[in-house]
Amino acid sequence: MAEFAGTEPFRLIASDGRPVGDTDVGLAPDDLRELLRWMIAARRLDRECIALQRQGELTVYPGFEGQEAAQVGSAFALGRDDFVFPTFRELAAALVRGVDAVQYLWYHRGTWHGGPYDPRASRFGPICVPVATQLAHGVGYAMGLKLDGARACSLTYFGEGSASEGAFHEAANLAGVFRSPAILFCQNNGWAISVPAASQSAGEIWRRAEGYGFPGVRVDGNDVLAVYAVTRRAIDRAYAGEGPTLIEAMTYRMGDHSTADDATRYRAAEEVERMRALDPIARFRTWLESSGVADPGFAAACEAEAEAWVAEVRAGVIATPAPPAEWCFDWVFAEPPATLERQRREALGG
Ligand SMILES: Cc1ncc(C[n+]2csc(CCOP(=O)(O)OP(=O)(O)O)c2C)c(N)n1
Ligand SMILES: [Mg+2]
């Protein structure tokens, strides 16, 4: 049985951990272990974030369990000067880019818009909620890189549901026409809130690239090594002046759309169980251990390390004070309208 509907994606490690392609993707053993370490840390933090929201410490949080390989594999492939344009579900990629987890979570605590981390330092843009709007930013930024003669690219994440937006098509067309060194990275996680992928798109998303004049590739998004390899290839193309690549990473959103959602209302438990067998962490761990790159103690050590780190993140999030109330009124208008001034006086006095 095919693991995903339609065209079989590019894959190097099968869901049972067996190699099914050339697993020499140019990564040293240390790097291979690092991929597992990031995925374990990201999942542990993701679960903690859901607990933090339930405890009232975060306002709302969109989990990414199941998508660790798609995010870690792609972010790990990027060079220091490449720039990521994320959606709201890319915390794992943010961690790989060196974004501070506590600062990232300030967004979900309602402490600051878009995360206070410096996007120029981490080369990881602000969290973007209006779906598909970040695609034009990513493509345009990459056009700027090209004009500057920089050896760098952009990578823009988006979901398969977002690919129905006009903004996707506009950005893809722009990327093709201007041969922008942009990677359009779709995480097809099967669902756009309660709408299944099959109701979003009658065709396969990776195939759309051809119509815009650049290559598209479908990859098993739960195979971290395959994701790394196809992203690396797209980066090399971008660096070589060959233009954009569309990557469709087939994965699955194991949890709810966000903590404000209840997926049991619209999604069959059997489907979730079937997809659990494709888990990205278990498969990579099995391969690492069976190929002798890591011993079983390595994953256990990663889990212990993640446990301690997440406790620090939790403490940091909880210790974050509420921002000054006047910030609600600042920075939108150079000359605030009278209605806003009145609300400011009502809220703050004076
Ligand atoms: C322009 C816009 N319309 C609607 C929404 C509400 N909304 C938030 S997430 C989402 C679905 C996104 O699905 P997908 O692109 O597959 O990403 P996923 O949530 O699966 O990561 C929608 C419709 C939004 N954020 N922005
Ligand atoms: Mg989706």
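For ligands, and for the atoms within them, numbers begin at 1 and follow the listed sequence.
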Measure the distance from [atom] to every protein heavy atom, then report the residue, atom name and distance (to 0.1 Å) of the closest one.
{"atom": "atom 23 (C) of ligand 1", "value": "Ile193 CD1, 4.1 Å"}
{"atom": "atom 26 (N) of ligand 1", "value": "Val131 N, 3.0 Å"}
{"atom": "atom 17 (O) of ligand 1", "value": "Gly159 CA, 3.7 Å"}
{"atom": "atom 25 (N) of ligand 1", "value": "Val129 O, 2.9 Å"}
{"atom": "atom 15 (O) of ligand 1", "value": "Ser162 OG, 2.5 Å"}
{"atom": "atom 13 (O) of ligand 1", "value": "Ala192 CB, 3.2 Å"}

| said: Taking CZ in Arg285 as the centre, count heavy atoms belonging to other residues, nucleotides or ligands within less than 6.0 Å. Is the count above 12? | reply: yes
Under 4.0 Å to a heavy atom of [X] - the qualifying atoms of ligand 1, by number:
{"X": "Pro130", "answer": "26 (N)"}
{"X": "Gly161", "answer": "14 (P), 15 (O), 16 (O)"}
{"X": "Asn189", "answer": "18 (P), 20 (O), 21 (O)"}

| field | 2.8 Å cut-off met by an N, O or S atom of Asn189 to the Mg ion (ligand 2) | value | yes
| So does Ala197 have any N/O/S atom less than 2.8 Å away from the Mg ion (ligand 2)? | no
| task | Give the intermediate values and the outcome of salt bridge (charged side-chain N to carboxylate O under 4.0 Å, His left out) for residues Arg207 and Glu210. | result | CA-CA 6 Å; Arg207 291 187 189 275; Glu210 188 183 353; over 6 Å; no
| query | Which is it for Arg89 and ligand 1 at heavy atoms under 4.0 Å: side chain, backbone, both or neither? | reply | side chain
| message | Does the plane of the ring in His169 sit parallel, tilted or perpendicular to the ring in Tyr212? Use 30° and 60° as the thresholds. | response | tilted
| In terms of ring plane angle, is the pair His108 and Tyr104 parallel, tilted or perpendicular, where the classes change at 30° and 60°? | tilted
| task | Check whether Trp206 and Val219 end up in the same hydrophobic cluster, where Ile, Leu, Val, Met, Phe, Trp and Tyr are linked by side-chain heavy atoms less than 4.5 Å apart. | result | no
| query | What do you think, any protein heavy atom under 4.0 angstrom from atom 1 (C) of ligand 1? | reply | yes
| So, is the end of the Arg233 side chain (NZ or CZ) under 6.0 Å from the ring centre of Phe10 and within 45° of the ring's axis? | yes
| message | I'd like to know whether ligand 1 has Phe88 as a neighbour, heavy-atom separation below 4.0 Å. | response | yes
| Close approach, His257 and ligand 1, non-hydrogen under 4.0 angstrom | yes
| said: Between Phe158 and Phe185 (judged by ring centroids, cut-off 6.0 Å), do the two rings come close enough to count as a pair? | reply: no
| When the ring centroid of Trp191 is compared with that of Tyr266, is the distance short of 6.0 Å? | yes
| request: Give the C-alpha distance, both sets of side-chain angles, the deciding distance and a yes or no for salt bridge (charged side-chain N to carboxylate O under 4.0 Å, His left out) between Arg43 and Asp279. | output: CA-CA 12 Å; Arg43 176 167 297 182; Asp279 186 71; 2.7 Å; yes
| request: Check all N, O or S atoms of Glu160 and name the one closest to the Mg ion (ligand 2). | output: OE1
| query | Is it the case that Thr251 and Asn222 place a side-chain donor and acceptor less than 3.5 Å from each other? | reply | yes
